[in-house]
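Note that ligands are numbered from 1 as they come in the structure, with each ligand's atoms numbered from 1 the same way. We number each residue from 1, following the sequence as shown.
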Amino acid sequence: MKKLRRRFGRGPVELVLPGRRIVVILDAEDVGRVLAGAPEPFHPANREKRKALQWFQPHGVLISQGPIRQRRRQVNEAVLDFGSDLHRLAPAFIEVISEEVAGLIDDVTRDGSIDSARFMTAWWQLVRRLMFGRAARDDEQVTDSLLRLRKAGNWSFLSLPHYRERAKFFEQLYRYAEDPEPDTLVAQVASASASGAVDPVGQMPQWLFAFDAAGMALLRTLALLATHPAQMTRAIEDSVTPNVPLVRSYLRSCVLESVRLWPTTPTILRDTTAATEWRDGVERFSVAPGAGLMIVTPAFHRDDDLLPFAHQFVPDIWLDGSAMNYPQLVPFSAGPAECPGRDLVLFTTSSVLAHLLDTFDIRLSSQPELSPGEPLPMTLNQLTLNFAVTTAARLQGTAT
Ligand code: HEM
């Protein structure tokens with residue numbers, strides 16, 4: 001991306017591939033403009049995205065076209081309580097989170113360590129309870145199937161469709177909606193008022209799948225905090241302070257910052273629905289409708305020409321308003337197609353973090369080492385993270 005910018009200035013650059021035109025966005029302001037212009041003239045239901053996702057979420061808002069998109073979007077926003085720090089089910093969710101994290105804490109206290117696999121097992125149990133209720137806690141089939149279908153979607157041009165797996169997945173999903181446990185997302189979905197084609201339950205595969213990204217972000221946030229003592233001190237303050245109504249702003253900003261550093265959606269794709277006008281600093285030009293647009297988020301989030309903090313862990317940018325000065329910082333996208341799960345994700349992940357930090361002193365024991373004095377690496381594999389944990393010094397002697 002740096003090389004492209006050096007050569008083409010503000011861009012964008014149009015790549016002409018056989019059968020497809022792809023426009024690569026190079027300029028920070030263009031990121032804001034493209035995301036603000038959803039769904040017309042920059043439509044989120046991009047051709048490549050549709051191919052990859054239609055197999056497991058044919059009715060998901062992300063790949064919906066035409067007027068139905070807006071109605072599906074409304075269901076997503078309503079059920080996920082987009083725009084409010086605390087989901088309407090927060091009191092019930094807090095109980096589920098406390099119970100599930102307590103189980104994890106018991107386990108890892110015995111071993112003195114948390115690894116990624118153990119953490120993700122607990123994470124999925126928690127997510128299945130929030131989505132479908134206690135009966136789904138150990139239903140690994142429903143999440144494993146979805147992840148396999150997602151993988152098959154990625155390789156759809158090579159692999160045969162998994163018809164049986166897909167049928168089983170959807171059957172189970174709709175079964176949870178038939179007789180939903182109260183205080184779950186599926187109960188909210190089941191009672192959503194929507195016309196026939198909207199398919200509220202059909203929005204849930206995207207949610208389930210996207211909770212995987214939230215688990216990744218959580219683990220990476222833990223790795224950042226475990227290696228940044230100043231930020232850890234503030235995160236612990238945020239965790240232990242009796243906090244009503246549970247809006248843990250610092251922890252939320254830590255999670256946002258981990259997704260800035262390591263975006264879980266590294267490329268945001270759009271297709272143009274009309275002729276669009278651009279300028280590359282030298283001349284103006286027009287791109288015909290039907291082109292694909294690529295926003296490669298890490299290239300913007302880590303742009304050290306524009307961001308003084310590009311490779312550092314600085315949660316404060318999300319609290320003091322400085323992130324707002326940079327339209328190119330879009331960990332949850334932006335504009336009319338911004339992630340409607342954002343607030344629920346920040347609530348859930350910050351609540352889990354608060355429990356862990358309130359209980360343990362945590363040290364990152366895996367490689368690579370992350371250090372406040374060094375630029376953070378461009379990628380961080382969450383699957384290999386490992387933490388050494390001991391009962392927090394301030395709690396020692398208080399256990400019964
Ligand atoms: C760390 C966790 C997450 C991150 C970083 C994230 C980020 C994003 C991003 C960048 C997009 C835009 C994608 C695009 O335009 O191609 C998106 C869309 C979306 N996300 Fe999330 N997401 C997360 C978790 C979730 C969760 C847990 C849910 C639901 C519970 C969710 C629901 C959605 C939906 C429904 C869309 C489509 C919105 C639309 O097209 O109008 N996300 N998310």
- Message: Looking only at the side chains, is there a donor atom on one of D139 and Q172 sitting less than 3.5 Å from an acceptor on the other?
- Response: yes
- Query: Taking non-hydrogen atoms only, is L80 closer than 4.0 angstrom to ligand 1 via side chain, backbone, both or neither?
  - Reply: side chain
- For atom 1 (C) of ligand 1, what's the nearest protein heavy atom and its distance? A214 CA, 3.6 Å
- Item | Protein contact to atom 42 (N) of ligand 1 [nearest heavy atom, distance to 0.1 Å] | C339 SG, 3.0 Å
- Message: Polar contacts were defined as any N/O atom of the residue lying under 3.5 Å from an N/O atom of the ligand; does this apply to E338 and ligand 1?
- Response: no
- Query: For ligand 1, is any non-hydrogen atom under 4.0 Å from A38's backbone (N, CA, C, O), its side chain (CB onward), both, or neither?
  - Reply: neither
- Using a heavy-atom cut-off of under 4.0 Å, does the side chain or the backbone of T265 touch ligand 1, or both, or neither? side chain
- Within a distance under 4.0 Å of any heavy atom of P331, pick out the atoms of ligand 1 and give their elements. 5 (C), 7 (C), 10 (C)
- Item | Distance-only side-chain donor-acceptor flag, D212 / W123, under 3.5 Å | no
- Item | Whether over 12 other heavy atoms sit under 6.0 Å from D138 CG | yes
- For R69, is at least one N or O under 3.5 Å away from an N or O on ligand 1? yes
- Item | Minimum-distance protein heavy atom relative to atom 13 (C) of ligand 1 | L62 CD1, 4.0 Å
- Task: Verify whether one side chain among S322 and D320 offers a donor that lies under 3.5 Å from an acceptor in the other.
- Result: yes
- Side-chain donor-acceptor contact under 3.5 Å, S145 with E165: yes
- What are the atoms of ligand 1, with element, lying closer than 4.0 Å to any heavy atom of N76? 35 (C)
- For atom 12 (C) of ligand 1, what is the nearest protein heavy atom, given as residue, atom name and distance? S333 CB, 3.6 Å
- For residues F347 and H87, establish whether the separation of their ring centroids is below 6.0 Å. no
- To which of W207, F82, F332 does the heavy atom nearest atom 29 (C) of ligand 1 belong? W207
- Message: Counting only nitrogen or oxygen atoms and a 3.5 angstrom limit, does R73 reach ligand 1?
- Response: yes
- Within a distance under 4.0 Å of any heavy atom of V345, pick out the atoms of ligand 1 and give their elements. 1 (C), 2 (C), 24 (C), 25 (C), 26 (C), 27 (C)
- Message: Does atom CE (M378) have a neighbourhood of more than 12 heavy atoms from anything else shown, all under 6.0 Å?
- Response: yes
- Have E40 and T273 got a donor and an acceptor in their side chains that come within less than 3.5 Å? yes
- Message: With no hydrogens and no angle check, just 3.5 Å: does a side-chain donor-acceptor pair link E257 and W318?
- Response: yes
- Does K49 approach ligand 1 within less than 4.0 angstrom via side chain, backbone, both or neither, non-hydrogen atoms only? side chain
- Under 4.0 Å from one or more heavy atoms of Q206, ligand 1 contributes atoms 19 (C), 20 (N), 33 (C), 34 (C), 35 (C), 36 (C)
- Would you tell me whether N386 and D115 have side-chain atoms, one donor and one acceptor, within less than 3.5 Å of each other? no
- Message: Starting from atom 26 (C) of ligand 1, what is the nearest protein heavy atom, named by residue and atom, and what distance separates them?
- Response: A210 CB, 3.4 Å
- Query: Between F170 and Y174, what is the ring plane arrangement, given parallel below 30°, perpendicular above 60°, and tilted in between?
  - Reply: tilted
- Query: Testing T184, V127, L208, L185 for side chain to side chain contact (heavy atoms under 4.5 Å, CB included) with F132, which one passes?
  - Reply: L208
- Query: By number and element, which atoms of ligand 1 are closer than 4.0 Å to a non-hydrogen atom of P340?
  - Reply: 19 (C), 20 (N), 33 (C), 34 (C), 35 (C), 36 (C), 38 (C)
- Task: Give yes if a backbone or side-chain nitrogen or oxygen of T264 is under 3.5 Å from a nitrogen or oxygen of ligand 1, and no if not.
- Result: no
- Message: Using a 4.0 Å cut-off to any heavy atom of V259, which atoms of ligand 1 qualify?
- Response: 5 (C)
- Can you measure from CG (L126) to CZ (R137) and round to the nearest 0.5 angstrom? 9.5 Å
- Where's the contact between R270 and ligand 1, heavy-atom distance under 4.0 Å: side chain, backbone, both or neither? side chain
